[in-house]
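Please read the structure below before turning to the comments.
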Amino acid sequence: MTLPVKDGLNSGTVSKKNPARSLRGIPAVEKVLQALGSADFPRPVVVNCVRQELAQLRSELNIPDFDETMDRVRKALDRLRLARIQPVINGTGIIVHTNLGRAPLGPEVVRTLSMAASEYNNLEYDLSTGERGARAQYVEECLALLCEGEAAAVVNNCAAALVLILRHFTSGDRPEVIISRGELVQIGGGFRIPEILEASGARLREVGTTNKTSLKDYERAIGASTGLILKVHRSNFFMDGFVESPATENLSELARNKNVPFVEDLGSGAMVATESAPGVEHEPTPAEILGRGVDLVCFSGDKLLGGPQAGIIAGKANLVRALKQEPFFRALRCDKLILAAMQATAELYLARPRESGNRSVPVVNMMQESKDTLRARAEKLIEVLGGLPAEFQIGEGKAQLGGGTLPRSIISSVTLDMIPSELSLQKLSERLRRGIPPVIGYVSGKRFKLDLRTIFPEQDPTLITRIRESFGAPGR
Ligand SMILES: *Cc1c(COP(=O)(O)O)cnc(C)c1O
């Protein structure tokens, strides 16, 4: 590795007179950089990492020898390598895995996305007049069609959609939002409905109890300061037993009679009949909910819809228009990449019959993939992996939609099970996780499992290489 001293990052730390050793036995940054050779990071990142590690050593009383110092630096660089955003192979069986980036996009969507990314486009330019045009007009029309609503708008995510809705409807002299106590939920990390409500400046008016809320409860709560009735879909948990909540149709009618807007936060926004996959319950679609008389729905773009991260709002045209005119909307709007990916995703759905599912959307495809297909892949993998110091078996998997969607639904799946004879399960899992690309699975019943439902068939050859490597065998 060559070491230009011009970048300024070295000055002050590298002693020109004694580059090898500085005070107190800690090697100089430059010497460590030389010993590292070339690293797969921008140079300032490496220099900074080395410097931090040396500073840490300096603060410790026990000064290690050079080899140990190098070892510490290499470990620090390895932590950086693992912290980089990179593709991983998802063997968890959780289809919409929030920690693993939620919905992967299919090739059609990626093509559109890539074009929007690398070339100029007509994002806000009207090609028919040659003048400034409306941003996102076409994609909004597509989404409105999909949701069977009069209009739609796209913002950064569903949380943003909620904040926008709450701010708009509860500003001024109608600050209250009515919500059932059974729906004051937490969705994922750091997303609590009561906190979002508060952050939006809305005043929370809780009605009913955790398990029971009646139409009368809502009716009694509506008053001169009511700005909005909000219903939150229980997307990440379910309640059973002594439970009651009014039918959406009845709540819509009440809201209409009292002239109060009624919004439902759906969370996941499935566009296909989810129950067509065995083991999966029915998830109400935005169109279905709007059909029950709700004024607006909002949902995420990257859950069951299987698109990019976004929050979609659909429903009454006058309300959508008003939301888009909020000055705050500007702070929540999506960029061209998201809009392009969303346009392509919406078109994929519109181009196909509604009930048939959609094989071009990976999330939907994974959900509907047959166990026979998965089993055939598992058999092939096991055949190729023979000879490694482990027992390989075809196992039972319980795939889930995840991402806080359909908590009750378990999709029976097929796993590749590994019972290593020389490695611990923990060691195997660590090696798979720390390689390139990382492979993420889980331990259950004294075996390491990889659910094939969430692994793309195209990834099987890479998976084989990574498994072989993890057992210390050459990749192929
Ligand atoms: C997931 C979820 C959200 C948050 O969606 P993001 O797009 O992650 O902001 C909000 N409400 C419900 C009901 C959800 O399930």
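Start at 1 and go down the list; that is how both ligands and their atoms are numbered. One is the number of the first residue; the rest follow in order along the sequence.
The nearest pair of heavy atoms linking L113 to A341 is CD1-CB, 4.2 Å.
E288 has a carboxylate O that lies under 4.0 Å from a charged side-chain N of R292, or vice versa, which qualifies the two as a salt bridge. The pair K449-E396 fails the salt-bridge criterion, with no side-chain N (NZ, NE, NH1 or NH2) lying under 4.0 Å from an Asp/Glu carboxylate O. Looking at D217 and K212, no side-chain N of the basic residue comes within less than 4.0 Å of a carboxylate O on the acidic one, giving no salt bridge.
Contact atoms of ligand 1 toward H233: 13 (C) (distance under 4.0 Å to a heavy atom of the residue). Residue D265 approaches ligand 1 through these ligand atoms, each under 4.0 Å from one of its heavy atoms: 10 (C), 11 (N), 12 (C), 13 (C). Remark: ligand 1 atoms within the under-4.0 Å shell around heavy atoms of R102 are 6 (P), 7 (O), 8 (O).
Side-chain contact between V439 and T462 is absent, with no heavy-atom pair separated by less than 4.5 Å.
For ligand 1, none of its N or O atoms has an N or O atom of L266 under 3.5 Å away. Between S300 and ligand 1, at least one N/O pair is under 3.5 Å apart. Note: an N/O pair closer than 3.5 Å links A159 and ligand 1 by distance alone. Of the N or O atoms in D302, none lie within a sub-3.5 Å distance of an N or O in ligand 1.
Using a non-hydrogen distance threshold of 4.0 Å, E183 does not register as a contact of ligand 1. In this structure, K303 has a heavy atom closer than 4.0 Å to ligand 1.
Side-chain N/O atoms of R352 and S360 include a donor and acceptor closer than 3.5 Å. Judged purely by distance below 3.5 Å, without hydrogens or angles, the side chains of D417 and T415 pair a donor atom with an acceptor atom. Between the side chains of T112 and Q343, no donor N or O sits under 3.5 Å from an acceptor N or O.
Residue K231 does not touch ligand 1, judged by heavy-atom distances below 4.0 Å.
Nearest to atom 4 (C) of ligand 1 by heavy-atom distance, out of C158, A160, G269, is C158.
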